[in-house]
Amino acid sequence: MKAQFLMFALLSASLVPSAFAQTESLRKFELALKTLGIPLEKEPDFSAFPDAGKVSTADLLEIAPFIDPDGGLRRYLSITPSRLELYPSYFAPSGTNDSADYELATGATTSQDSPELLSRLDRISRSTLSGQTSPFTGLRVVIDPGHMGSAFWNDKDGKYVTVGGKTVAEGEITLWTAKLLANELEKLGATVLLTRTDIAPVTPYTWDNFNPAARMADYYYKSRDDWMTRFLAMSDTDIIRLLPKAPEVRKMSTYSGKVMLFLQEDMDARAKFAEAANPDIFIDLHFDSQLVDKLQTDGDDVSVYVPGAIRKNETGPKNMRADLLKHLVDVRRWKQSARMAKILVDQVSKNLGVKLLTDASNVPTTVKVADGVFARNIFETKRATTGLSAFFEAFHYDYVKEFPQLTRLDQSATYHGTTFRYPSRLEAISTGIRDGLLTYFRQFKTN
């Protein structure tokens, strides 16, 4: 424990500028937002964070390398063996004019966070072990089928492959898989909600009535620890004069800027849907690909991601820091996500006959947790702070051996009264996740 704390203290001291420099940086960032007509970010809601004395500092530091590998979040934190504080600017050991945004007494011998969630999961475990026909009764699950479908939306997000006149759209195969999985879990008694049940976006906005300005604020909040830093080193006069002409600002008035902001709006709608549902388990379904007009022969693999791997240039927004901190202080919840994810991905890999991804060095911002399981700062799982979460990359739909199987809609099923056709290949995923969840609950431990 003392060695861990010493290592953290040394890391903090090496990363943190002076308190004065940080106060000035925050002031200039607020000036930059005013210059661009962007309101100041609202304060995060910390009401769902653990009660005082429920978190072990040693446990927190144990999972920190997965959630915050570069120390980007920890620049804003003061952590002692008995206390954690979150500051609006980098915490300076020599003192700062900032007052803490959030404070938590830590120091518990054993972490006792997320008691209601762990109690519900334990109840499902006991039902599963007892052999009940509907063991998942009372379990709340949200499934997010990634992306959208149709040529219109394929053109916007590029998540499709067209070869030989045949198209596989990721937004369609994720939707079919989500419906199959929902059917499987509902048979076991679970309450399952899908963020979308058709190929349209989740957001109620259409491409025609979407106003990019509505999403602009989040874009600039994210810039604080990223491209905005070069302006924060300038004088006030130069910020006001040069910032509106920056390429990052001009980009927002272009077509590509609207596409980026619309996709962010849609991801935000998915996250809000999940937050409102307050699920015990959040599963995000995706598939992997490279080019839109060519199949690859390099290979196939399956992986799953849990929250974490935030990078220094991603810590600008207050709400992002709060979300990542929630994962950090919910020690047991994060560990349960990692444990569940490993069981699920092993079972899906076995069902598919596809190997686990073991090296994600070519995947941006990842930290390996186990074979097939990686921490990664993905928008939806970052926001999934109420239950366990797993983000699947089920296999490569641009792989030469997978693509032909996905173009054959050789099976049909009914989801909530609507019949749909789908490739039988997807059944290995839905039954794999189902069987993986059954195994997870049979092996469930609260710590």
Trainee: Pick out which of Asp225, Ile310, Thr315 makes a side-chain contact (heavy atoms from CB on, under 4.5 Å) with Met320.
Mentor: Ile310
Trainee: Tell me, yes or no, whether the heavy-atom count around Lys355 atom NZ, taken from other residues, nucleotides or ligands under 6.0 Å, exceeds 12.
Mentor: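 It does: Lys355 NZ has more than 12 such atoms within range.
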Trainee: Using side chain to side chain contact (heavy atoms under 4.5 Å, CB included) as the criterion, list what pairs up with Ser56, not counting sequence neighbours.
Mentor: Ala58, Asp59, Ser111
Trainee: Are a donor atom and an acceptor atom from the side chains of Gln264 and Asp268 found within less than 3.5 Å of each other?
Mentor: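 Distance-only check fails for Gln264 and Asp268.
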Trainee: Please output the side-chain donor-acceptor pairs of residues 178-192 that fall under 3.5 Å, not counting sequence neighbours, one pair per line with the distance.
Mentor:
| unit_1 | atom_1 | unit_2 | atom_2 | d |
| --- | --- | --- | --- | --- |
| Lys179 | NZ | Thr197 | O | 3.2 |
| Asn183 | ND2 | Thr414 | O | 3.1 |
| Glu184 | OE1 | Arg434 | NH1 | 2.8 |
| Glu186 | OE1 | His416 | NE2 | 3.2 |
| Glu186 | OE2 | His416 | NE2 | 2.9 |

Trainee: If you look only at distance, which donor and acceptor atoms sit under 3.5 Å apart when one is on a side chain in residues 326-334 and the other is two or more places apart or in another chain?
Mentor:
| unit_1 | atom_1 | unit_2 | atom_2 | d |
| --- | --- | --- | --- | --- |
| Lys326 | NZ | Asp330 | OD2 | 2.4 |
| Lys326 | NZ | Thr385 | O | 3.2 |
| His327 | ND1 | Arg333 | NH2 | 3.3 |
| His327 | NE2 | Thr381 | O | 3.3 |
| His327 | NE2 | Lys382 | O | 2.9 |
| Asp330 | OD2 | Arg333 | NE | 2.9 |
| Asp330 | OD2 | Arg333 | NH2 | 3.1 |
| Arg332 | NE | Asp113 | O | 3.1 |
| Arg332 | NH2 | Asp113 | O | 2.6 |
| Arg333 | NH1 | Ala384 | O | 3.4 |
| Arg333 | NH1 | Gly387 | O | 3.2 |
| Trp334 | NE1 | Pro307 | O | 2.8 |

Trainee: Salt-bridge test for Arg230 and Glu248: reply yes if a basic N is under 4.0 Å from a carboxylate O, no otherwise.
Mentor: yes
Trainee: So, Ser256 and Thr254: side-chain donor and acceptor under 3.5 Å apart, yes or no?
Mentor: yes
Trainee: Take atom NZ of Lys350 as the centre, draw a 6.0 Å sphere, and report whether it contains more than 12 heavy atoms from other residues, nucleotides or ligands.
Mentor: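 12 or below, so no.
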Trainee: Looking at Lys222 and Asp218, is any side-chain nitrogen of the basic one under 4.0 Å from a carboxylate oxygen of the acidic one?
Mentor: no
Trainee: What residues, two or more places apart in sequence or in another chain, satisfy salt bridge (charged side-chain N to carboxylate O under 4.0 Å, His left out) together with Asp226?
Mentor: none
Trainee: Quick one: list whatever passes salt bridge (charged side-chain N to carboxylate O under 4.0 Å, His left out) with Lys342, sequence neighbours left out.
Mentor: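 Result, salt bridge (charged side-chain N to carboxylate O under 4.0 Å, His left out) vs Lys342: Asp346.
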Trainee: Is any NZ, NE, NH1 or NH2 atom of the basic residue among Lys272 and Glu275 found under 4.0 Å from an Asp or Glu carboxylate oxygen of the other?
Mentor: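 Glu275 and Lys272: not salt-bridged.
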Trainee: Does one side chain, of Asn351 or Thr431, offer a donor that lies under 3.5 Å from an acceptor on the other?
Mentor: yes
Trainee: With under 30° as parallel and over 60° as perpendicular, where do the rings of Phe46 and Tyr102 fit, or are they tilted in between?
Mentor: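 It falls in the parallel class, under 30°.
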Trainee: Determine whether the side chains of Asp398 and Ser289 contain a donor N or O and an acceptor N or O closer than 3.5 Å.
Mentor: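 No, no side-chain donor-acceptor pair sits under 3.5 Å.
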Trainee: Which residue pairs pass the ring-ring contact (aromatic ring centres under 6.0 Å, His included) test with at least one member in residues 241-263, sequence neighbours excluded?
Mentor: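 ring-ring contact (aromatic ring centres under 6.0 Å, His included) check on residues 241-263 returns Trp153-Phe262, Trp207-Tyr255, Trp207-Phe262, Phe210-Phe262.
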Trainee: With side chain to side chain contact (heavy atoms under 4.5 Å, CB included) as the test, would you mind laying out the steps for Phe282 and Thr386 before giving the verdict?
Mentor: CA-CA 9 Å; Phe282 175 70; Thr386 62; over 6 Å; no
Trainee: Assess whether side chain to side chain contact (heavy atoms under 4.5 Å, CB included) is satisfied between Ser89 and Arg224, documenting all intermediate values.
Mentor: CA-CA 11 Å; Ser89 56; Arg224 180 183 171 187; 3.6 Å; yes
